[in-house]
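To keep things clear, I will list the structure first and then write my remarks on it.
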Amino acid sequence: MKYFITICILSGINIITVSGLAVLTGFCGIFSMGHAGFMAIGGYFAACMNIYAGVHFIPAIIMGGAAAALVSLPLGYVTLKNKLSGDYFAIAMLGFGESVRLIIANTKPYIQGAMGLTGIPKKVDIWVVLAFAAIIVYFIGNFLKSQYGKNLTAIRLQDEAAEMMGVPVMENKIWVFAISAFTAGIGGALYGFFTTTLYPGNFGSAKSTDILAAVVFGGINSLTGPIIAAVLLVALPELLRVFAAWRLVVYGLMFVVIMLFRPEGLLGYKEFSFPGIIRFLKIIFHKIIPSKGGIGADEGQ
């Protein structure tokens with residue numbers, strides 16, 4: 001039971017981190033391969049505030065998310081102001097993530113460098129993670145339903161046309177980038193207070209790949225799709241531990257398959273809903289089992 005709860009906690013942390021990146025990538029069309037750097041900033045900042053400043057862990061977690069968001073503002077301004085997009089922005093973010101990891105690994109006072117920050121009190125349980133996940137997903141869902149969410153979709157489809165219609169493209173991109181950094185910082189802070197240790201290796205490029213993979217697999221222009229994918233990408237390696245060493249190879253193959261056969265992702269442009277599932281099952285049921293009228297008509301012919 002404890003093992004199952006651990007998987008649920010890690011899945012919840014993954015949901016929080018992925019939900020922000022889903023807005024940035026899925027709705028705004030900006031790919032980032034360095035969000036593990038924001039997780040590291042949020043995790044280390046929250047842990048230091050709790051250990052050295054005596055801040056309660058809940059405000060410390062929020063402060064960790066705020067620290068990541070603050071770092072994202074000048075970074076987003078410099079990169080997006082210079083019109084970096086597509087592969088160029090993704091590579092820039094990859095460099096940012098690796099820079100954060102190397103800076104942490106070589107900073108000895110307080111965070112112990114490559115030796116890792118230990119002695120973090122274990123404050124996070126399943127209920128804390130579920131509460132943060134529910135609140136963040138609720139606010140992001142409402143944000144996407146608002147006019148701001150519609151603006152993001154317009155920017156993703158054609159940013160020049162959106163700007164001609166009066167949408168402040170640059171401001172929207174920077175603020176959405178900050179929102180995605182905030183959720184990543186929250187995820188990193190929760191991870192630190194759950195595992196009680198933080199190492200620079202926890203936030204390498206592989207972690208950024210995991211987060212981006214959940215967004216791509218889940219679907220573009222969808223929030224529930226990446227959330228479902230975030231849970232699957234945590235649970236599947238545990239269910240298939242024999243393939244753990246081949247995780248990145250499997251991810252690469254999944255990327256290729258998804259891009260070839262379903263480039264919009266599993267739930268691209270759609271949201272998960274129980275009424276939608278029921279309608280889908282009814283369609284399948286009627287295709288498998290023809291109606292009586294159809295049978296009678298066949299017999300008459």
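One is the number of the first residue; the rest follow in order along the sequence.
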Heavy-atom closest pair (Cys28 atom, Ile155 atom, distance to 0.1 Å) is SG-CG2, 4.2 Å
Backbone N or O of Pro121 within a donor-acceptor pair of the Thr196 side chain at under 3.5 Å?
-> no
For residues Ala40 and Ile104, report the shortest heavy-atom separation together with the two atoms involved.
-> CB-CD1, 3.7 Å
Do Ile140 and Thr183 have side-chain heavy atoms sitting under 4.5 Å apart?
-> yes
In short, Gly42 meets Ala189 closest at the heavy-atom pair O-CB, 3.7 Å
Please assess Phe217 against Leu233 for the test side-chain contact (heavy atoms from CB on, under 4.5 Å), listing each intermediate value before the final yes or no.
-> CA-CA 10 Å; Phe217 296 158; Leu233 292 180; 4.0 Å; yes
For Ile136 and Ser19 the tightest heavy-atom approach is CG2-OG, 3.7 Å
Under a 4.5 Å side-chain heavy-atom rule over Ile, Leu, Val, Met, Phe, Trp and Tyr, are Ile227 and Ile126 clustered together?
-> yes
Would you find more than 12 non-hydrogen atoms of other residues, nucleotides or ligands less than 6.0 Å from Gln147 atom CD?
-> yes
Evaluation steps, side-chain contact (heavy atoms from CB on, under 4.5 Å), between Leu73 and Tyr77 | CA-CA 6 Å; Leu73 290 177; Tyr77 181 82; over 6 Å; no
Are Asn202 and Lys207 side-chain neighbours, meaning at least one heavy-atom pair lies under 4.5 Å?
-> no
Under a side-chain separation threshold of 4.5 Å, the hydrophobic residues clustered together with Ile135 are Tyr138, Phe139
CZ (Phe193) and NZ (Lys122) are apart, to the nearest 0.5 Å, by 13.5 Å
Linking I/L/V/M/F/W/Y whenever any side-chain heavy atoms sit under 4.5 Å apart, do Leu102 and Phe203 land together?
-> no
Check Asn50, Ile51, Thr195 against Ile120 for a side chain to side chain contact (heavy atoms under 4.5 Å, CB included) and give me the one that passes.
-> Ile51
Is there a chain of hydrophobic side chains (I, L, V, M, F, W, Y, each step under 4.5 Å between heavy atoms) that links Leu130 to Ile9?
-> yes
Do Phe27 and Phe143 make the cut of ring centroids closer than 6.0 angstrom?
-> no
Reported CD1-to-OG distance for the pair Ile16 and Ser11, which is rounded to 0.5 angstrom | 11.0 Å
Please check if Ile111 and Tyr199 belong to a single hydrophobic cluster, counting links between Ile, Leu, Val, Met, Phe, Trp and Tyr side chain heavy atoms closer than 4.5 Å.
-> no
Within-4.5 Å side-chain heavy-atom neighbours: Leu75 and Met93 = yes
Donor-acceptor under 3.5 Å (Asn82 side chain, Leu84 main chain) = no
Within a strict 4.5 Å, meaning less than it, do heavy atoms of the Ile58 and Phe132 side chains meet?
-> yes
So, does Tyr52 use its side chain to make a donor-acceptor pair with the main chain of Tyr110 at under 3.5 Å?
-> yes
When clusters are formed from ILVMFWY side-chain contacts under 4.5 Å, directly or step by step, what else is grouped with Val55?
-> Phe45, Met49, Met63
Compare all side-chain heavy atoms of Leu10 with those of Tyr191 and state whether any distance is below 4.5 angstrom.
-> yes
Approximate separation, where rounding is to 0.5 Å, of Leu24 CG and Ile179 CD1 | 10.0 Å
Check step by step if side-chain contact (heavy atoms from CB on, under 4.5 Å) holds for Glu98 and Ser205.
-> CA-CA 7 Å; Glu98 287 300 297; Ser205 58; 3.7 Å; yes
Report yes if some heavy atom in the side chain of Ile61 is under 4.5 Å from a heavy atom in the side chain of Lys123; otherwise report no.
-> no
Would you check if Asn14 and Val231 make a side-chain contact, meaning some heavy-atom pair closer than 4.5 Å?
-> no
Looking only at heavy atoms, what is the nearest atom pair of Ala184 and Phe38, with distance?
-> CB-CB, 3.8 Å
Phe96 and Ile91: same hydrophobic cluster, using ILVMFWY side-chain contacts below 4.5 Å?
-> no
How far apart are the closest heavy atoms of Gly204 and Ala36, and which atoms are they?
-> O-CB, 3.6 Å
Can you spot which of Ser208, Ser72, Ser180 makes a side chain to side chain donor-acceptor pair (under 3.5 Å) with His35?
-> Ser180
Tell me, do Ile186 and Phe182 make a side-chain contact under 4.5 Å, heavy atoms counted?
-> yes
Out of curiosity, Trp127 CH2 to Ile5 CD1, how far, rounded to the nearest 0.5 Å?
-> 8.5 Å
Decide side-chain contact (heavy atoms from CB on, under 4.5 Å) for Val216 and Phe31; before the verdict, give the C-alpha distance in whole Å, the side-chain angles of both, and the deciding distance to 0.1 Å.
-> CA-CA 10 Å; Val216 175; Phe31 281 81; 4.1 Å; yes
Pairwise distance CG(Leu144) to CG(Leu223) - rounded to 0.5 angstrom | 6.0 Å
At what distance, to the nearest 0.5 angstrom, does CG of Leu94 lie from CZ of Phe89?
-> 12.0 Å
Return yes if some donor-acceptor pair links the side-chain N/O of Asp210 with the main-chain N/O of Ala213 below 3.5 Å, else return no.
-> no
